[in-house]
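Indexing begins at 1, ligand by ligand and atom by atom, following the structure's order.
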Amino acid sequence: MLLHNRGIMNYQEEKSVLAYQDTLEPIYTFTTTPSLPAQLERLRDLAYNFYWAWNHDIILLFRQLDSDLWEETGHNPVLMLGTIDQAKLKAAMADDGFLAQLERISHHFDAYVAGQSTWFKRSHSSFAATSPIVAYFSAEFGVTECLSIFAGGLGVLAGDHLKSASDLGVPLIGVGLLYQQGYFRQYLNEAGWQQENYVDNDFYTLPIFLEQNAAGKPVKIALDFPGRQVVARVWRAQVGRVSLYLLDTNVPENTAEDRRITHQLYGGDNEMRLKQEFVLGIGGFRALEQLQITPTVYHMNEGHSAFLAIERIRRLMEQYKLSFEEAREAASAGLVFTTHTPVPAGHDYFPPELMDRYFTPYYNAMQLPRKEFLALGCKVPENEKEPFCMTVLALRMAAYSNGVSRLHGNVSRQMWQSLWPGVPQSEIPIGHITNGVHFLSWISREMKQLYDRYLGLRWRREPAEKAVWEKAEHIATNELWLTHERRRERLVAFARRRLRMQLMQRGATQAELEAADEVLDPEALTIGFSRRFATYKRATLILRDPDRLARILNNPECPVQIIFAGKAHPKDEPGKTLIQQIIGMARQDRFRRRLVFLEDYDMSVARYLVQGADVWLNTPLRPREASGTSGMKAVANGVLNMSILDGWWDEAYQPDVGWAIGRQEMYDNREYQDAIEAENLYGLLEREVIPTFYDRSADGLPRRWIAHIKANIKQLCHFFNTHRMVEDYTSNFYLPAAEQFRKLTADNMTRAKQLTAWIKHVRENWEKVRVELVEKGPAKDLQVGEEFSIQVRVHLGNLNPEDVEVMLYLGRMNAARKIVEARKIPMKFVGGDYEWVPVYEASNIICEHSGMHGYTVRVTPKHEDLTKPFLPGLIVWA
Ligand SMILES: *Cc1c(COP(=O)(O)O)cnc(C)c1O
């Protein structure tokens with residue numbers, strides 16, 4: 001951290017409480033904030049709202065003040081204003097151009113924050129009056145690099161979600177944890193082995209506020225932990241119009257151990273993870289109560305925050321004197337859950353004994369026997385040894401659940417099918433909303449200017465409009481290419497600077513430093529690969545045949561280069577080994593100038609890479625990449641993707657936008673799969689990618705390449721952005737959930753109580769439900785197009801005909817005599833038969849295709865207030 005004396009702010013006093021390792025205990029602490037001359041006062045408002053993170057004009061303003069200090073402070077304007085040289089401020093005050101720019105930007109900022117005309121107001125005016133509808137909970141948020149409370153894709157997605165919600169005017173707030181150290185900084189030792197360095201976040205010099213109550217005291221919440229209370233205070237980061245509340249347990253009231261709960265993102269053991277998730281879910285829920293914010297919808301971004309569902313139920317029981325079941329029906333209606341990974345290690349499991357330690361008070365408060373409480377998080381509720389899974393809890397609780405790409409939706413339905421016994425996989429209530437990226441945060445300034453000129457400013461406000469992007473056809477080909485080349489040059493310059501820095505830190509010789517300035521070629525075809533170094537992402541697939549790769553990279557007519565970056569999880573030795581392999585190769589003479597690894601991948605490195613590479617490479621083992629978002633950042637910057645058909649690329653790929661490695665095959669033999677896909681990768685490079693890139697017309701332009709770039713912009717941009725994504729969440733989940741929650745909870749929970757009583761009644765009578773066919777099926781042989789009808793008798797015991805839905809499943813029979821591609825046709829109640837057994841009928845059925853057909857019938861409970869189409873266990877098949 002910087003401790004210049006030249007600053008007007010002296011925050012040394014705070015250091016001793018922030019760093020536990022210090023031995024000096026203060027007897028008094030106080031904070032100071034930047035002091036600015038009146039003419040520059042608006043800089044403070046701009047600095048304290050993260051809106052600058054997606055507004056290049058504001059960043060330029062800060063850079064203009066002192067661009068070195070902007071870099072030194074890690075792109076943190078608050079720290080910068082607190083430490084800037086007085087003379088620089090004086091110079092700015094005397095600069096009419098600067099003052100005019102500040103005024104213009106301040107106006108724009110004020111108008112943005114006021115948000116007079118937003119998408120939400122225009123399209124959902126009936127909701128517009130109600131303040132925060134949605135609370136979005138996440139263990140990490142990647143808003144921008146100086147707020148280091150994220151590890152990777154999940155956090156970046158959460159940050160982009162907030163930014164788009166802000167731009168669209170969606171009444172949403174964020175809730176997370178403020179980690180003292182965030183995620184680690186990466187550097188490599190001489191042997192190419194990853195080292196981790198943890199740096200304290202200094203909360204008092206970040207663009208965040210400590211939330212205070214009316215009496216001016218910090219807002220605090222208390223949580224019951226075994227034998228003690230744990231206290232957390234609440235900070236607020238302002239992300240445009242959206243408030244992000246962050247909990248912090250590093251307060252004097254807590255024991256040294258409890259102060260460390262929010263010490264590190266994903267730090268510590270399994271019990272630490274549970275404590276963090278307790279603070280996030282339950283603490284976060286209570287913090288909103290303290291702040292008198294009452295959302296109707298809670299969105300759990302990944303299972304980490306799922307304890308909030310339990311707290312919400314407990315509070316409803318307490319407030320409205322409800323039974324567990326009643327409160328659960330009400331709470332569920334307003335819960336949304338997004339699952340983010342098909343990799344088993346990505347889901348949290350806690351042993352029952354550990355759950356007992358923290359949740360025994362909840363068993364009592366919720367009037368649930370221990371076994372029933374723990375069953376909420378178990379795949380097989382009868383199995384008392386099964387660890388408690390946060391994903392299962394979230395899936396059981398939320399009315400709306402989704403995966404993050406079309407393929408991941410499929411994989412998730414398969415993965416969690418057992419939670420809904422008897423329900424066909426395609427109908428498991430987990431949908432998908434494909435991820436996106438927040439364009440203004442990820443598109444280079446040069447590309448933005450190009451879009452402004454050729455698409456008009458509408459692309460900034462309405463990136464989800466397809467028509468906006470179709471104008472990309474008219475972008476002048478040479479201008480597009482020059483813009484991209486400029487970004488590649490900047491990437492190469494950035495990479496050289498970083499390499500030099502890395503070498504200096506390792507104590508390299510002058511000769512080595514000079515060699516660093518020679519690596520890479522600003523004109524060569526540049527492949528970017530940067531992501532977490534989890535083994536399933538197969539960072540080294542492209543290195544599998546070093547001799548062939550050397551021939552590809554060193555072709556003097558058509559040179560190619562690769563830039564790698566990415567962190568391995570501190571405990572992931574195999575992941576670290578991959579990095580070491582890359583370093584080993586990069587040190588060979590034949591690769592030295594063509595293959596580099598940039599340390600300490602973060603959002604700033606990511607921006608350089610996705611803006612300046614030519615090809616964005618992704619080689620995960622299908623189908624483990626739930627979505628991936630860096631490739632979408634590449635798309636918007638005119639960078640072409642070459643990827644395994646996994647995650648988002650499985651639904652985005654078309655031959656004119658980029659390249660698909662492999663053909664969606666999945667082999668049991670990993671070695672074989674790698675061999676096939678590496679071969680395919682080399683073949684694509686040799687036969688397609690490199691020839692297309694170096695095929696230049698007389699004016700030096702790679703016209704076929706540029707046509708691909710335009711196809712990307714026209715066909716993909718409108719979909720793979722977070723504006724589209726947040727609009728989908730809002731229209732498909734948030735608003736129906738808010739509506740349903742209000743309906744169930746109105747009039748002192750009338751409908752929630754009625755619904756619960758009805759479910760109880762159905763459950764008690766379900767075992768009598770039985771389906772019988774009536775003779776009147778289709779005649780044995782029908783012609784295509786001929787109409788027929790089918791009737792069934794449904795024994796209902798004490799239930800009424802309107803209590804159930806009867807569905808006909810009709811489809812072709814395959815060789816194994818199973819129905820495939822079944823059509824679902826609701827059957828109508830047509831009265832009782834001679835024995836008063838209810839009869840249901842589907843009429844006017846037409847088979848469009850010839851062949852053998854079959855059908856079956858199923859019965860499920862039906863009630864207009866049910867939040868999900870199925871009640872686990874209540875389904876009967878004929
Ligand atoms: C975008 C981004 C990610 C996520 O990218 P993936 O394609 O999911 O790997 C991870 N880390 C950083 C720093 C990013 O900017």
Side-chain angles (χ1 to χ4, degrees), residues 53-54 74-75 138 140-161 163-164 182-186 265-266 301-302 338 340-343 346 403-405 407-408 434-444 491 498 527-539 563-569 575 578 598-613 615-637 639 641-644 646-650 652 658 716 720-722 725:
W54 67 102
H75 305 164
S138 180
E140 32 174 318
F141 283 95
V143 175
T144 184
E145 48 269 22
C146 77
L147 187 62
S148 170
I149 53 169
F150 62 97
L154 179 70
V156 172
L157 179 84
D160 281 3
H161 194 112
K163 293 173 190 171
S164 278
Y183 208 51
F184 68 92
R185 308 288 301 266
Q186 174 198 52
L265 172 60
Y266 307 141
N301 186 47
E302 195 48 294
T338 304
H340 284 271
T341 180
V343 178
V404 290
S405 68
L407 177 63
H408 181 235
T434 302
N435 282 345
V437 295
H438 182 257
F439 279 172
L440 291 181
S441 299
W442 293 107
I443 296 178
S444 70
L491 168 61
R498 289 286 287 231
I527 299 175
F529 183 102
S530 59
R531 44 188 43 83
R532 269 187 313 118
F533 270 66
T535 45
Y536 79 84
K537 299 204 181 217
R538 296 192 296 186
I563 306 180
F564 287 96
K567 296 173 178 177
H569 188 277
L578 294 181
L598 301 183
E599 294 174 12
D600 204 28
Y601 182 49
D602 71 355
M603 285 172 83
S604 146
V605 179
R607 278 197 303 272
Y608 276 102
L609 278 162
V610 298
Q611 294 170 356
V615 172
W616 196 249
L617 178 67
N618 195 13
T619 48
L621 203 56
R622 193 176 193 268
R624 293 191 216 180
E625 179 95 312
S627 166
T629 53
S630 56
M632 306 175 189
K633 301 168 192 166
V635 162
N637 282 293
V639 175
N641 278 273
M642 172 159 66
S643 168
I644 300 284
D646 196 7
W648 77 285
W649 191 236
D650 185 66
L716 303 185
F720 295 99
N721 65 73
T722 37
M725 180 189 86

J.: To check you understand the geometry: which heavy-atom pair defines the closest contact between Val404 and Ser627, and what is its length?
T.: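 It is O-CB, 3.5 Å.
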J.: Has Gln611 got a side-chain atom pairing as donor or acceptor with Asn637's backbone, closer than 3.5 angstrom?
T.: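 No; judged by distance alone, with no hydrogens or angles, the pair does not exist.
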J.: If you look only at pairs with a residue in residues 145-159, which of them pass as a side-chain hydrogen bond (donor to acceptor under 3.5 Å, both in side chains), with sequence neighbours excluded?
T.: His75-Glu145, Glu145-Arg607
J.: Quick one: do Arg498 and Glu599 make a salt bridge, cutoff under 4.0 Å?
T.: no
J.: Apply side chain to side chain donor-acceptor pair (under 3.5 Å) to His438 and list each qualifying residue two or more places apart in sequence or on a separate chain.
T.: Asp167, Ser441
J.: Tell me the residues surrounding ligand 1, counting only those with a heavy atom closer than 4.0 angstrom, sorted by chain and number.
T.: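 Ligand 1 is contacted, at a heavy-atom distance under 4.0 Å, by Gly152, Gly153, Val156, Trp442, Arg531, Lys537, Tyr601, Asp602, Met603, Ala606, Gly628, Thr629, Ser630, Lys633.
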J.: Going by the rule side chain to side chain donor-acceptor pair (under 3.5 Å), which residues pair with Thr338 if we only count those two or more places apart in sequence or in a different chain?
T.: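 Partners of Thr338 under the side chain to side chain donor-acceptor pair (under 3.5 Å) test: His299, Asn402, Tyr729.
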